[in-house]
Structures are given as C-alpha cells and as structure tokens.
Amino acid sequence: MSVTLSESAARHVSNFIAKRGKGFGIRLGVKTSGCSGMAYKLEFVDDTHDEDLVFDSHGVKVVVDPKSLVYLEGTELDFVKEGLNEGFKFNNPNVKDQCGCGESFNV
Amino acid sequence: MALLQIAEPGMSTEPHKHRLAVGIDLGTTNSLVASVRNGIAVCLPDESGRTMLPSVVRYHVDGSTETGLGALKAQATDPRNTIVSAKRFMGRGLKDVAHVEAMPYDFEDGPGMVRLRTVQGVKSPVEVSAEILRVLRVRAEASLGGRLVGVVITVPAYFDDAQRQATKDAARLAGLDVLRLLNEPTAAAVAYGLDNAAEGVYAVYDLGGGTFDLSILKLSRGVFEVLSTNGDAALGGDDFDHRLFCSILERADIDPPSLEDARRLQMKAREVKELLTSCEEAPIHLRLGSGELVDVVVTRNEFADMTRHLVQKTLTPVRKALRDAGLTPEEIKGVVMVGGATRMPQIQRAVAAFFGQEPLTNLDPDKVVALGAAMQANVLAGNRAEQDDWLLLDVIPLSLGLETMGGLVEKVVPRNSTLPIARAQEFTTFKDGQTAMAFHVVQGERELVADCRSLARFELRGIPPMVAGAARIRVTFQVDADGLLSVSAREMSSGVEASVLVKPSYGLSDDEIAEMLKSGVEHAGDDMVLRALREQQVEAERVIEAAEQALAKDGHLLDADERAGIDAAVARLRELRAGSDHRAIKSGIDAFARATDEFAARRMDNSIRSALAGHKVDELEL
Ligand SMILES: Nc1ncnc2c1ncn2[C@@H]1O[C@H](COP(=O)(O)OP(=O)(O)O)[C@@H](O)[C@H]1O
Ligand SMILES: [Mg+2]
C-alpha cells in the first residue's frame with residue numbers, strides 16, 4: 001500500500017515547504033463532491049492526526065488518511081507544465097472516468 | 001485541464017471553485033502580475049519567461065494593438081501611436097500633466113481627462129491602462145488555469161480620488177473585478193512584513209520610472225498602519241534618463257536632434273543609466289539619422305554628479321513624511337527600497353546617509369509591490385485560514401472637506417486618517433426660510449477652495465423652512481478601503497437626505513465606459529463569448545450553492561417528491577454548467593429558478609411567520 005511522488009513533484013514540494021517556512025509534509029486526500037463524485041485534496045501538513053498514514057517519497061513526507069487511501073492506492077503525484085500553467089497532477093490507477101477538469105473523478 | 005496547487009491545511013476548494021486571485025502592480029514604466037501559488041507569492045512570467053511587462057501600448061493602423069516590449073521597441077519609430085507612461089495621465093487634465101510640450105503625443109483635452117489622438121482614434125488613458133491590464137489578465141488566466149475571482153491593483157499613495165477611480169475604470173474595462181486598490185508602498189511592506197515578520201516603524205522609499213513615494217509604516221503583530229505618506233508625482237528614473245540625455249547632447253555637441261533621434265538617444269540614456277548600476281563606466285556609440293556620430297563615455301561618478309539634485313529632491317518628501325508622522329530618521333527601524341530606480345548606487349548611498357543605516361534590498365525592488373498585492377489578494381479571496389488573517393490599515397493621502405462661505409475649505413477628514421473612515425460634521429442654514437443647501441466637496445491641503453481639487457457637488461433639498469442657524473445638517477464623509485469617497489447630508493429634524501458617491505470630475509462617465517466596453521467587444525468577440533460563458537457558469541454555481549444552503553436549512557418544508565424534484569433540477573443545472581454553451585446555461589438557470597419558486601415562497605412565508613411570532617398583534621397595526 002502506498003502513494004508516491006514523482007521526482008519532479010517531490011522537488012517542487014520540498015521547495016514550496018522550504019519557502020513557506022514551515023510544514024511537516026504534504027497531504028493527499030479525496031473528498032466527495034464536484035461534478036462527478038470525488039475530488040482531490042492537496043494541502044500542506046502542519047499537524048498529522050492519529051489515524052493518518054505517512055509515506056516517505058524522495059525525502060518528502062506524504063500524509064494520507066485511511067479513507068482516502070482506499071481511492072488513492074497506487075497513485076503517483078506528478079508536477080507538470082502545460083503552456084504557462086504548471087501544477088500537480090494525480091496519476092490515479094483507480095479512476096474510471098474523470099470530469100475532464102482533472103480535479104474530480106469516479107471510481 | 002486544471003493543474004492542482006497545494007492549499008493551506010483545511011483550505012482546499014471545491015472543484016472548479018478555486019478562488020484564483022492576483023495582485024497587479026500597474027506601474028508607470030513596468031507592470032507585473034503575481035499570485036500566491038503553493039503558499040508562495042510569485043510573479044507570473046510570459047511565454048518568454050519575462051515577468052515585467054513594459055507599460056507601453058502601441059496602436060497599429062490595421063486596428064490591432066501591441067503591448068509590452070514589442071510596443072516599447074516601436075517607441076522611436078512610431079512615437080505618436082506608442083503610448084508610454086499612460087499612468088501619468090490617469091485622471092488628469094492637460095494642465096495637470098508636466099512637460100506636455102516634450103511629449104510626442106497628439107493630446108486632446110477632453111471634458112475631464114486628457115485624451116490622445118492615435119491612428120485608431122481618440123484613446124483615453126483609461127483605455128491604454130485597460131489594455132495593459134487585459135494582457136496581464138490573459139497571462140494570469142493562462143498561468144493559473146482558470147478565471148480570476150478578483151484582483152488587487154496597486155496605486156501610488158499620492159493618487160487622488162480621480163486617479164483611483166480611473167484605475168478602477170480601467171480594471172473594469174479589462175474584465176477584472178477589483179477586490180481592492182492598495183497603495184504601492186503598503187504592498188511593499190506587506191511583502192516584507194510577512195516574509196520577515198518585522199515589527200517597528202519602517203520607511204518605504206519607492207523610486208519608480210515616473211513617480212516617487214515615501215511612506216512611513218508601522219508594523220506590529222501583523223497589523224500594517226500607514227503613519228504618513230508623501231512624495232512627488234513627477235519624479236522618477238525617467239528624470240535620470242532625461243538628465244543623462246541632455247548631458248549626452250551637450251557633450252556630443254550635436255544639433256537639436258529629430259524626434260526619432262531624440263527617442264533613440266533617450267532609450268540609449270536609459271540603457272546607460274542601468275548599466276552604470278553594475279559597471280564603472282558606459283560607452284555610447286550611436287550613429288544618428290542625421291548622419292552625426294555620438295561617441296562619448298560616461299562614468300558612474302559623472303552620472304552621480306549630474307543627478308545629485310534629483311537624488312536630493314527625493315529627500316524633501318522624506319523629511320515631510322517624517323515630520324507628519326512626528327518621527328526623526330533615527331526612529332526608523334528599517335528602510336524598504338522599492339522600484340527599479342532604487343538600484344542606482346547613488347540612491348542607495350543617499351538613503352543610507354539620511355537614515356544612518358543600510359536600506360533593505362533583499363527582495364527584488366521591481367517585484368516587491370506585485371508580490372505584496374498578490375498576498376493581499378490571496379487573503380481577500382479567502383484562501384487563508386482564519387487564524388492567520390491579518391488586517392491592513394491605510395491612510396488617505398489628502399484631506400477632504402467642504403466649501404464654506406467665502407470660498408474657504410472646512411476640512412472634514414484630515415489627511416493621514418486611517419481607512420476605512422467615516423466622519424460627520426454639522427452645518428446649518430444661513431438664511432431665514434432656506435430650504436436647500438449646496439455642497440461642494442473638495443480635496444487638498446490648502447485653505448482656499450480655488451487651490452484645492454473639486455471632487456463633487458450636490459444639493460440637499462426639502463429642508464423645512466426655519467430661521468437661519470436653526471437647521472441641523474449633518475454631513476457624513478465615508479471613505480472605503482480603496483480610498484473612494486461618498487458624502488451624504490441629512491437634515492436632522494425632518495430627516496431629508498441627499499448624497500453623492502463621488503464621481504471625480506476627472507473620471508469617466510458611465511456612458512463613456514459603456515461605449516468603451518462596446519468598442520472592446522468589437523475587437524474581442526471571442527473574449528466576450530468566453531467571458532459570457534464564465535459569467536453564466538459562476539452564476540449557475542451561485543444559484544446551486546444558494547439552493548443547497550436553503551435545502552440544508554429549510555429542507556423540512558418539502559415533502560419527498562418535491563425534494564426529489566429540486567434535487568433533480570440541481571443535477572440538471574450542474575450538468576449544463578459543465579458544458580460550454582452560455583445560452584443553454586442561462587436558460588437552465590431560468591428554468592431552475594422556476595423549479596424552485598414554490599420552495600422559495602414557502603421559505604419566505606415561514607420566516608415571516610417566525611419573525612412575527614414574537615410580536616403581539618396590536619403592535620403590527622400601524
Ligand atoms: N539596474 C538598474 N539601474 C538603474 N535603474 C534601473 C535599473 N533597472 C531598472 N531601472 C529603472 O527603474 C525604473 C522603472 O522602475 P519600476 O519600478 O519598474 O517603475 P514604475 O513603478 O514606474 O513602473 C526605470 O526608470 C528603469 O530605468
Ligand atoms: Mg512601481
């Protein structure tokens with residue numbers, strides 16, 4: 001069971017945490033809502049909860065709550081550039097169909 | 001497809017509901033757009049990686065416009081249609097603009113603001129600025145992958161009401177929602193204060209291309225308070241270029257150059273000035289259109305000598321601002337340097353000598369204003385957690401008052417009052433049976449109305465006839481967080497009221513803005529379709545959200561069937577919203593409104609009933 005970061009994502013995350021000046025790591029999660037069921041959550045982590053699972057990927061702490069993990073198992077978070085836009089992208093093997101927006105999905 | 005950014009803990013947004021907000025430094029010389037991404041404020045670059053957009057717009061014969069570096073390069077060849085430093089004309093009449101005679105434009109002194117005749121017809125400075133803002137909006141939307149919910153635009157602290165309003169008008173023309181106008185030095189302090197968690201009294205020394213601003217700020221526990229501001233609206237790096245230009249002409253001993261040669265030499269002067277920041281000397285080798293050769297070398301010391309008076313000139317507003325704040329230079333804990341021109345070593349030396357300490361230069365002086373604006377926009381858009389919310393206090397730069405008998409000014413809101421502010425003062429009638437009273441709102445520090453700027457006039461009618469001096473007329477001045485003013489007058493015994501939202505005399509009328517918006521449409525049909533789509537999408541979102549809130553609160557007013565009907569309507573509208581047909585979404589919204597009409601009516605009844613439940617019946621018979 002694990003969730004990973006691509007090398008490029010890990011580099012960017014550590015850089016952002018360093019500039020932010022604080023933070024334990026990054027939280028990946030899902031929540032219900034959006035135009036097709038589930039939506040991704042990507043946040044800095046200041047405090048972890050007891051039930052959280054913590055993975056280490058390229059030296060970055062990746063925090064996932066157990067409920068989200070069900071939907072995120074095997075996911076790799078990548079950092080990509082598309083034209084002027086740049087940001088993170090979930091490569092999630094559990095996804096059946098996406099909303100096209102990249103932010104919400106069905107399993 | 002939207003790429004995700006890292007949110008603050010607990011601050012993830014719903015899909016499609018990112019509150020994308022940016023800060024824009026709309027500079028006289030250069031403009032920048034910045035945003036907080038992944039928790040950090042960054043300036044957004046264009047396709048070539050440049051963050052600075054020269055604030056230059058060129059109008060082409062074929063109806064197209066060019067903004068930025070390309071336009072700047074055409075300055076020498078097409079000066080009349082290439083508008084630089086339009087910010088100097090914002091909200092200004094021809095007589096207010098310094099050195100018009102030296103400018104290559106074909107001015108038209110319109111009613112209020114000056115305008116420029118170009119190959120594309122008469123353009124107002126507001127339109128020119130809007131073009132710059134539009135380019136930055138497009139860049140930001142491409143970089144952030146979505147529509148902006150709002151923007152914080154910075155303005156010099158010395159901008160008066162007319163200039164602030166003109167800036168807001170430009171934003172509106174560019175399709176931007178202004179969350180707030182922010183004083184440039186305040187934005188710089190935001191950038192420094194937050195990054196370094198500094199406490200104490202600071203001076204912000206901002207020498208840009210065309211303006212100089214000095215602000216004294218007090219930072220404590222995340223609260224920024226501007227103690228005083230001062231400056232010179234007609235002093236900046238351009239003046240250093242000009243001084244160098246004149247000196248080159250003298251030394252090269254050439255005839256008065258043609259317009260085009262003058263432009264080229266001026267550009268050369270700017271290059272040399274910037275070069276002298278990092279080099280001890282700079283050579284100029286330029287063959288003019290006239291065939292004459294300019295071949296001189298300028299050293300850093302020579303440049304410092306010939307611009308000494310300009311450097312000294314910046315210190316006068318510094319002294320005044322300190323005096324206003326009741327402080328001595330020793331009481332200033334740090335000096336923040338802002339604006340590209342503060343890179344000049346002679347400036348840094350003079351500032352260090354005046355304050356007896358090295359100024360702060362650890363943030364890029366070109367970017368610091370945009371970065372601070374982005375941080376403020378991020379807060380205003382609601383992207384930060386409650387506990388690290390911070391408050392920002394600004395001051396008004398010029399006193400506001402009313403004309404009284406004999407052309408004198410009665411100040412109601414003194415300069416340097418903290419914003420937002422409301423101040424009231426009582427006036428009375430001076431004739432027996434007087435039923436109307438005229439108010440003239442002015443801005444400025446002088447005692448005579450004639451020496452102040454007229455902002456607005458309005459009248460209070462329907463005052464009950466009384467003996468002179470008996471009526472009590474309370475006039476309230478209210479200045480919002482953007483520094484924009486509304487004034488109202490109320491006769492206390494009868495309650496008659498009148499008010500104005502100050503439409504500065506140099507502002508644009510709504511008709512003019514409507515006209516500009518319309519001509520904008522003609523040039524940007526696609527843009528409008530996209531905009532219409534986004535507007536409808538946002539509206540659909542709003543409607544759905546409202547319905548969901550209503551269901552959560554008053555869902556019990558519906559039976560199962562009715563509830564299912566509304567849920568289905570929500571789902572249908574959601575589906576339409578994800579599509580790209582703005583007309584379909586619009587009719588979907590209308591249909592949705594009809595589907596929820598009955599529910600809305602029932603909620604209304606219900607809330608009226610509960611409101612009345614606490615009253616006795618006889619109380620209600622009026
Ligand atoms: N390295 C430098 N040395 C000296 N002056 C510089 C340097 N870089 C930029 N400038 C000057 O800074 C001014 C522009 O500053 P900026 O902060 O962008 O202005 P504004 O706020 O008016 O848009 C110009 O006069 C430019 O020549
Ligand atoms: Mg500036």
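Order of the sequence lines sets the chain letters (A, B, ...), proteins ahead of strands, with each chain counted from 1.
- A cation-pi geometry, defined here as NZ or CZ lying under 6.0 Å from the six-membered ring centre and within 45° of its normal, does not hold between R27(A) and F44(A).
- Contact check on E131(B) versus R134(B) returns a salt bridge, with a Lys/Arg side-chain nitrogen under 4.0 Å from an Asp/Glu carboxylate oxygen.
- For the pair R577(B) and E541(B), the salt-bridge criterion is met [side-chain N within less than 4.0 Å of a carboxylate O].
- For L144(B), the part lying near chain A is the backbone, with the side chain staying farther off; criterion is any non-hydrogen pair under 4.5 Å.
- Residue contact with chain B, scored on non-hydrogen atoms closer than 4.5 Å, involves the side chain of I26(A) exclusively.
- Nearest heavy atom pair, residue R37(B) against residue E86(A), reads NH2-O, 2.9 Å.
- Looking only at heavy-atom pairs under 4.5 Å with chain A, the residue among P45(B), A142(B), A571(B) that has the most is A142(B).
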